[in-house]
Number of protein chains: 2
Amino acid sequence: MTDRVRVAPARRRGLAGEVADRIRDAIFSGAYPPGAQLREVELSGELDVSRGPVREALLLLEREGLVRSAWHRGATVTRFAPEDIAELDSLRDVLEQLAVRRVIAHAAPEDLAAIDAAVERMDRAGSEHEMVRCDIAFHDAVYAAARHRRLLEAWQAIRSQVHLFLLTRTGLSSADYLAHVAKEHRGLAAALRARDTRRALALFADHRRHAFDALSDTGDGTDGPPAYEP
Amino acid sequence: MTDRVRVAPARRRGLAGEVADRIRDAIFSGAYPPGAQLREVELSGELDVSRGPVREALLLLEREGLVRSAWHRGATVTRFAPEDIAELDSLRDVLEQLAVRRVIAHAAPEDLAAIDAAVERMDRAGSEHEMVRCDIAFHDAVYAAARHRRLLEAWQAIRSQVHLFLLTRTGLSSADYLAHVAKEHRGLAAALRARDTRRALALFADHRRHAFDALSDTGDGTDGPPAYEP
DNA sequence: CAATGTCCTAATGTTAACATTCAGACAATG
DNA sequence: CATTGTCTGAATGTTAACATTAGGACATTG
C-alpha cells in the first residue's frame with residue numbers, strides 16, 4: 001500500500017524546477033542580494049527560457065520564503081529584519097521538537113544511516129559555504145527520517161531562508177568553527193540513535209542557540225531572547 | 001453588520017487569486033471530490049479565463065495542500081488517508097501551541113477583540129458548513145493575533161486541508177453540536193484573554209481531540225493516539 | 001490466450017505576442 | 001518653491017498557439 005519509500009523520485013520536475021534551482025543558487029551566491037529585484041524578462045533572457053517557467057519558478061521560491069512578490073510590482077529577494085530571524089528561530093524550535101520526537105518514536109534504520117552519512121560528510125567540508133550546505137542537508141535528513149510529509153513541507157517552507165541566514169551571518173573563524181559544528185552534529189546524531197528524547201531535544205535547542213547567537217543582539221524589543229519556559 | 005470587514009487590506013491579487021478562490025470553493029462544495037482530476041482546459045473554460053491564471057491558481061492550491069500535482073500528469077484533489085489526518089493533527093498541535101504562547105505573550109487588545117468577534121459570530125451559524133467556516137475563522141484570528149508571519153504561513157499551508165477534513169467528517173447531530181462547539185470556543189477565547197497559558201494549552205488540546213475523535217479509529221498503526229507525553 | 005509492441009489521443013509543458021498597470025519624470029500652477 | 005497633474009516607459013499580467021509527453025487501445029506474435 002504505502003510502499004512509496006522513495007524519498008526523491010521527482011527526477012523530472014520540468015523546466016520550472018530547474019529554473020528555480022538556478023535562481024536559488026544565484027541568490028545564495030550573492031548575485032541577487034536581499035532586496036534585489038528579480039525581473040522576469042531579465043531572468044528569462046539570462047537562463048534562456050521563456051517567461052512561463054520563470055514565473056512558475058518565482059512562485060516556487062515564494063513558497064520557500066526566499067522571494068516576496070506584490071501584484072504588478074514583481075518579485076524581490078526577501079530582506080531579513082531582526083524580527084524575521086526571531087520568527088525563523090521560534091518556528092524552527094517547535095518544528096524540530098516534533099521532528100526529533102517522531103524520529104525517536106519511529107525511524108527506520110536506513111533513516112538513521114542517512115543522518116550519520118550527513119554527519120560524516122561534514123568532516124570533508126572545506127569552506128564555510130560548504131559547511132552550511134552540509135548543515136542544512138543534515139537537518140533535511142532529520143526531517144526526512146521523521147516520516148511526516150507535512151512537517152517536511154513546513155521545514156521546506158523555511159529551509160532556504162535558514163540557509164540564506166546562515167550564509168549572510170558573516171562568520172566566525174572558519175578554522176575551529178568547522179570542527180566545532182561537525183562535532184556538535186555528531187552529538188545530535190548520537191542522541192537520536194540512542195533514542196534519548198530529553199538529551200536530543202536539549203542538544204538541538206543548544207544547536208539552534210549557537211547558530212542564532214552569532215548575532216550580537218536580536219534587537220527585538222517585543223520578543224526578547226528565544227527562550228520558552230513552561 | 002459591517003459587510004466588507006477586510007482585516008487584511010484589500011490587496012489586489014490578480015486573476016490567479018480569484019480563480020484559486022473559486023476552485024477552492026468548488027472543492028469545498030463537493031463539485032470536485034477528493035481524487036478528482038483538475039484539468040486546466042476544463043477549468044479555464046468553466047471560469048472563462050485562459051490557462052495561465054488557472055495554472056498559477058493550481059500552484060497556489062498546491063501550496064495549501066488541497067491539490068497534488070505530478071509532472072505531465074496534471075493536478076488532482078488531495079485524498080486524505082488516516083495517516084494524513086494524523087499528520088494534520090500532530091502538526092496543528094505544535095503550531096497552535098506556539099500560537100497560544102505568542103498570543104498570551106504579546107497580543108494587542110484589538111487582536112483579542114477580533115478573536116471575541118469570531119466567537120460571537122459562531123452563535124449565528126445555522127448549518128454545519130457555516131460552523132466549520134466560523135471554526136476556521138476563529139483559528140485564523142488566533143494565528144493573526146500571534147503576530148508571527150511564518151507561523152501564519154505554516155497554518156495557511158494546512159488550513160484548507162483542515163477545513164476540508166472538518167467538512168468531509170460526516171458529522172454529529174447538528175442540533176446540540178453547534179451549541180457545543182460555540183461554547184468550547186468561548187472557553188478558548190476566555191483562556192487567552194485571562195493569559196492563562198496552562199489552561200489555554202489544555203483547552204486547545206481538548207478542542208483538537210474532540211475534532212479528530214469524530215473518526216472512529218485513526219487506523220494508523222505506526223502513530224497511535226495523538227498524544228505526546230514528555 | 002497472454003504478453004508485448006506500436007500508435008494515437010488527450011492532456012500538460014512551453015513559447016511568444018498582446019493588454020494592463022505602476023512608478024517616476026517633468027512641467028504647469030498655486 | 002512646493003504641489004499636483006499628466007504623461008511616458010518599462011515592467012508585469014494575460015491570452016492563444018505550438019511542442020511534448022503519458023497512458024491506453026489495438027493489433028501482432030510467441
| message | So, does B:Arg73 get its side chain near the phosphate of C:dT12, meaning an N or O under 4.0 Å from OP1 or OP2? | response | no

| Once you round it to whole Å, what is the distance between C1' of D:dA11 and CG of A:Leu43? | 13 Å

| message | Just checking A:His139 against A:His185, ring centres under 6.0 Å apart? | response | yes

| Has A:Arg51 got a side-chain N or O lying under 4.0 Å from the OP1 or OP2 atom of C:dA16? | no

| said: What's B:Leu58 touching, base or sugar-phosphate or nothing? Going by heavy atoms closer than 4.0 Å. | reply: nothing

| query | To the side chain of A:Ser50, which of C:dT21, C:dA16, D:dT12 is closest? | reply | C:dA16

| Residue whose closest nucleotide on DNA chain C lies nearer the 5' end, A:His72 versus B:Val41 | B:Val41

| said: Over all strands shown, is B:Gly52 touching base, sugar-phosphate only, or nothing at heavy-atom distances under 4.0 angstrom? | reply: base

| Short side-chain to backbone donor-acceptor contact, A:Arg51 and A:Ser44, under 3.5 Å | no

| task | Would you kindly say whether B:Arg150 and A:Gln161 are connected by a side-chain donor-acceptor distance under 3.5 Å? | result | yes

| request: Please state whether the phosphate of D:dT12, meaning OP1 or OP2, lies under 4.0 angstrom from any side-chain nitrogen or oxygen of A:Arg39. | output: no

| request: Could you tell me the separation between the OG1 atom of B:Thr78 and the CG atom of B:Leu164, rounded to the nearest 0.5 Å? | output: 8.0 Å

| message | Can you measure A:Leu38 atom CG to D:dG13 atom P for me and round it to whole angstrom units? | response | 13 Å

| message | Nearest to the B:Trp71 side chain among D:dA22, C:dC22, C:dT15, which nucleotide is it? | response | D:dA22

| request: Verify the distance criterion only: is there a donor paired with an acceptor across the side chains of B:Gln37 and B:Thr76 at less than 3.5 Å? | output: no

| query | To the side chain of B:Val49, which of C:dC22, D:dT15, D:dT21 is closest? | reply | D:dT15

| Distance, rounded to the nearest Å, where A:Gln37 contributes CD and C:dC22 contributes C1' | 11 Å

| task | Check the distance between C:dG13's C1' and A:Arg55's CZ and give it to me in whole angstrom. | result | 16 Å

| said: So if I take every side-chain heavy atom of A:Glu40 and compare against D:dT20, D:dT12, C:dT21, which nucleotide ends up nearest? | reply: D:dT12

| Length of the line joining B:Glu56:CD and C:dG13:P, which is rounded to integer Å | 14 Å

| note | When rounded to whole Å, the CD to P distance for the pair B:Glu42 and C:dT12 reads 9 Å

